[in-house]
Asker: 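The structure is given below, and queries will be raised subsequently.
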Amino acid sequence: MLEAYCLRTEYRENPLGLDTKKPRLGWKLRSDKANVMQIAYRLQFSSNPHFTDVAWDSGRTETSQSQHVRHDGLELKSAERVYWRVKVWCSHGEESSYSSPSYFETGLLEASDWKARWIEPEKEVDPDAYKPAPYIRKEFSVKKGLVSARAYLTAKGLYSFYLNGVEGTDDLFTPGFTSYLHRLQYQAYDVTSLLKEGANALGIVLGDGWWRGATGGANLKNNFGYKVAFLGQLLLEYEDGSREIIGSDETFKASRGPLLKSDMKAGEIYDARIGMEGWNEPGYDDSAWEPVHVTEDGLDSLIATRSVPVREKERFTPSVLRTPNGETVLDFGQNIAGYVDMKVRGEAGTEIVLIHGEALDKHGNFTLSNLSEHGTLEDFQEVHYILAGKGEERYRPRFSIFGFRYVLVKNYPGDVTPENFTAVAVYSDLEETGDFTCSNPLLNKLVSNSRWSQKSNFMEVPTDCPTRERAGWTGDAQVFSRTAADFMNVYPFFEKWMSDLAVEQFQDGSVGSTVPTVLGYHNLEEWERLSKTSANPMMAFRKPGTASMLDGSSGWGDAAVIVPWTMYLCYGDKTIIENQFDSAKAWVDYMADNARNPNPRFQDTPAYRNRADGERDADYIWDTRFHFGEWLETDTEMKDLAALLTKTGGCFPDVSTAYFAYSARLLSEMARVIGKAEEAEKYQTLHKKIKRVYNTYFIQEDGTILDGRQAPNVRTLAFDLAEEEKKQAVADRLAQMVIEQEYRLNTGFLSTPFILHALADSGYEEIAYRLLEQESCPSWLYAVRMGATTIWESWRGIKPDGELAGSLNHYSYGAACDFLFAGAAGIRPEWDRPGFKHFVLKPIVGGTLTHASATYESLYGTIKSSWEKTGQGVAYRFEVPANTTATIMLPGEPEDLKKGLEEFPDVRYEDGRIAFTAGSGSYQFTI
Ligand code: RAM
């Protein structure tokens with residue numbers, strides 16, 4: 001048996017509306033044999049699923065490549081469906097039959113395909129007030145013989161749409177979040193089954209969304225514009241081959257409706273008394289509705305959607321609490337991002353209020369205090385529902401999403417009972433790829449918490465938290481990107497976000513700390529308005545297109561390099577490197593320019609006097625500009641952060657120089673991967689120079705970098721910055737600090753993800769495990785013991801006395817889970833052969849664990865690694881998917897080489913481990 005399955009186009013199953021002319025295709029191989037490699041494939045394209053007319057045939061193509069396959073074969077037209085199938089030959093000589101067909105469809109490839117015009121439903125808007133959501137409708141007729149219908153839709157703001165009263169999709173928060181003024185996505189939907197011959201109605205509701213609703217820590221409003229707008233067209237195709245287009249234009253009509261406010265952060269007000277039954281069905285009397293305004297807005301920024309659609313996912317039923325202060329609070333048991341789906345019966349006009357929060361205070365009462373440290377909206381995370389009073393009513397927000405575990409319920413008529421409230425988790429529907437379990441239940445909970453923080457924050461863009469800021473903070477995303485790839489297939493998600501990072505990059509190469517930025521406006525008019533009127537300079541601190549003081553921080557801006565590299569490492573797709581190379585290079589050049597700028601504060605230090613090859617050593621130390629530094633180390637309190645930055649002036653040369661070196665090295669690797677030899681050489685040289693200077697000025701003989709601080713040692717090891725002769729000292733010093741600090745961490749955002757790897761990879765495996773399994777504060781498991789269901793922003797999110805600090809749903813520290821996948825279970829990608837086409841299985845047995853097991857769904861299929869301590873030794877089990885190979889590296893003694901490992905021709909003893917290459921199949925060894 002040999003089979004090609006799991007066919008994907010552009011990482012999606014049967015996608016509609018692609019605007020790439022050469023989509024990436026991929027498939028997996030399944031076989032009942034071991035040691036299976038694909039040696040050739042044959043691809044066919046057709047206009048029909050039976051392949052009666054083959055439009056293109058690759059013929060037998062000799063290669064083992066089964067992912068990221070692109071072909072020139074087809075001249076794609078707009079709105080065209082293409083079926084494809086593949087057959088493969090494998091190393092055993094076997095030939096598969098053709099896979100079941102898969103398809104993709106192109107979107108509107110030419111600007112001229114758009115017949116629709118932008119329409120605005122609102123006349124005047126008050127920029128400072130919340131606005132009711134506009135409802136838009138259009139009736140049209142469908143002739144006999146409809147064979148297919150597509151909807152191509154987008155909005156400035158958010159849209160949901162209905163055909164004949166039925167919602168057109170379960171995708172939420174469309175058109176997604178991008179740097180709208182440069183890239184605005186449209187979605188394509190197959191709506192054939194929703195239409196009927198005769199009269200039909202299209203209905204649209206628009207929400208404020210990221211376009212003009214409150215965003216970021218500063219709650220900027222009108223970030224992209226003042227008015228919401230809609231653009232969309234239906235493409236109808238009839239039996240006789242004729243086509244008809246119904247595009248948004250002046251014949252569409254608009255009205256306000258029951259949704260009186262629709263802010264993503266502040267929440268919604270819905271007055272169900274404003275009944276509009278049938279508004280989105282044909283025959284509705286819309287004589288009181290207003291005409292829409294057709295604008296001259298262009299279509300240049302339109303792109304087909306690249307979003308992984310946001311959807312409703314897990315559901316939770318609450319327990320109902322009566323808190324000491326007499327309030328009624330729902331506890332859903334899990335901190336999530338989403339909303340509550342509520343059922344209610346009561347009198348017309350009753351106004352129910354739901355307020356969403358993450359925690360109870362130390363007295364057990366509902367609180368939002370942990371989220372208000374930076375000031376927040378008055379009506380933060382609030383839903384107001386006003387009853388129509390007509391039997392059972394049901395409501396869930398449409399354009400708001402909240403971070404919460406608890407909900408304060410006010411004014412609910414009758415008894416608050418669990419069955420009337422369901423919390424729905426809402427996030428980008430990424431394929432889950434990884435799981436880990438072991439004998440320590442607290443670690444299993446840590447894995448769950450980290451995964452939940454990913455789910456809560458992977459909502460169109462990677463956010464810091466789903467509550468206070470909800471911003472695409474580049475630093476947080478960068479440190480978590482590797483772990484994110486363990487849990488889910490994040491390639492398409494990051495590919496999209498990185499394009500936004502690049503378009504928002506500043507002229508001088510500096511990278512925003514939030515992408516799309518919420519540290520300043522995109523909307524020039526709004527910036528001008530507020531810079532004139534606002535008493536608070538923070539409200540207008542950044543002119544569109546210019547960096548704010550908080551942008552361009554090392555460790556944050558490095559997302560421009562680290563994220564594409566990490567995605568390449570985990571998925572082997574060069575596209576992200578090709579797309580991002582110029583952006584990554586601009587960031588590294590920016591660092592180089594800034595490193596050359598002197599900082600008068602350090603001008604008397606030796607680095608400013610010493611020269612090599614005519615250049616000052618200080619030219620390779622980045623000691624200028626503002627940076628966040630290691631950020632939130634264990635001994636920093638949330639409330640002291642601002643003071644710390646003022647004290648240091650945001651100047652952390654050890655951090656900035658280390659990232660400068662690391663990004664230069666990764667950039668050189670990126671250049672090599674895409675065949676830019678000259679640049680590969682140039683940035684390798686740059687890396688060497690920075691490394692030399694870093695060793696000279698930052699690393700002391702005994703391996704100390706900053707006295708008592710673990711972070712710089714971790715960074716030095718993780719980025720491979722120490723010269724060979726200093727390496728061990730840096731590792732020894734780190735281990736010593738961890739012991740001196742009684743197996744507790746003192747790292748922050750940037751190096752926490754690496755500390756366990758850094759220790760274990762330098763021979764301190766047991767120390768790594770002790771640190772990981774530490775249960776007292778500060779530690780990962782302290783939070784677990786305190787009942788955390790997600791990862792906290794601060795190590796002291798809930799102090800032992802119940803005091804709260806900061807967001808309870810920030811994934812950064814959860815990045816440690818990569819140690820469970822890549823360390824404990826040992827599933828690791830390889831730099832030189834990325835994407836798990838080849839990988840390493842190098843489990844680390846240790847700590848209190850008696851067993852550990854991980855699965856990872858790679859692009860080639862399922863990888864499994866587990867171990868268990870038994871009376872006979874440690875029993876290892878592995879699974880290597882077809883069309884891949886693995887280097888298995890087991891702990892053991894040289895004499896263990898004889899234990900049934902003879903079948904592996906390259907078995908050897910290497911770095912204290914038994915190493916050999918294995919092809920696909922299942923393996924079991926006891927050593
Ligand atoms: C905080 C954000 C984020 C962090 C920045 C520096 O306010 O929540 O996590 O990256 O600041």
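In listed order, ligands and their atoms are each counted from 1. Side chains are part of it too, since the values below use all heavy atoms of this structure and drop only hydrogens, waters and symmetry mates.
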Asker: If you count the atoms of ligand 1 from 1 in the order shown, which ones are under 4.0 Å from a heavy atom of E793?
Answerer: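 Answer, ordered by atom number: 8 (O).
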Asker: Could you check whether the rings of F177 and F224 sit parallel, tilted or perpendicular, using 30° and 60° as the cut-offs?
Answerer: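 F177 vs F224 ring planes: perpendicular.
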Asker: Between F719 and Y662, is the ring centre distance below 6.0 Å?
Answerer: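 Between Y662 and F719, which both carry aromatic rings, the centre distance is below 6.0 Å.
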Asker: Looking only at distances, please establish whether an N/O atom of ligand 1 is found under 3.5 Å from an N/O atom of E469.
Answerer: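 It does: an N or O of E469 is found under 3.5 Å from an N or O of ligand 1.
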Asker: With sequence neighbours excluded, what pairs up with D208 under the salt bridge (Lys or Arg N to Asp or Glu O under 4.0 Å) test?
Answerer: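 D208 satisfies salt bridge (Lys or Arg N to Asp or Glu O under 4.0 Å) with R212 once adjacent residues are dropped.
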Asker: Return the set of residues passing salt bridge (Lys or Arg N to Asp or Glu O under 4.0 Å) with D128 (not counting sequence neighbours), or none when no residue passes.
Answerer: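 Listed in chain order: R529.
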Asker: Counting from 1, what ligand 1 atoms have a heavy atom of R468 closer than 4.0 Å?
Answerer: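 Atoms satisfying the 4.0 Å criterion: 1 (C), 2 (C), 7 (O), 8 (O).
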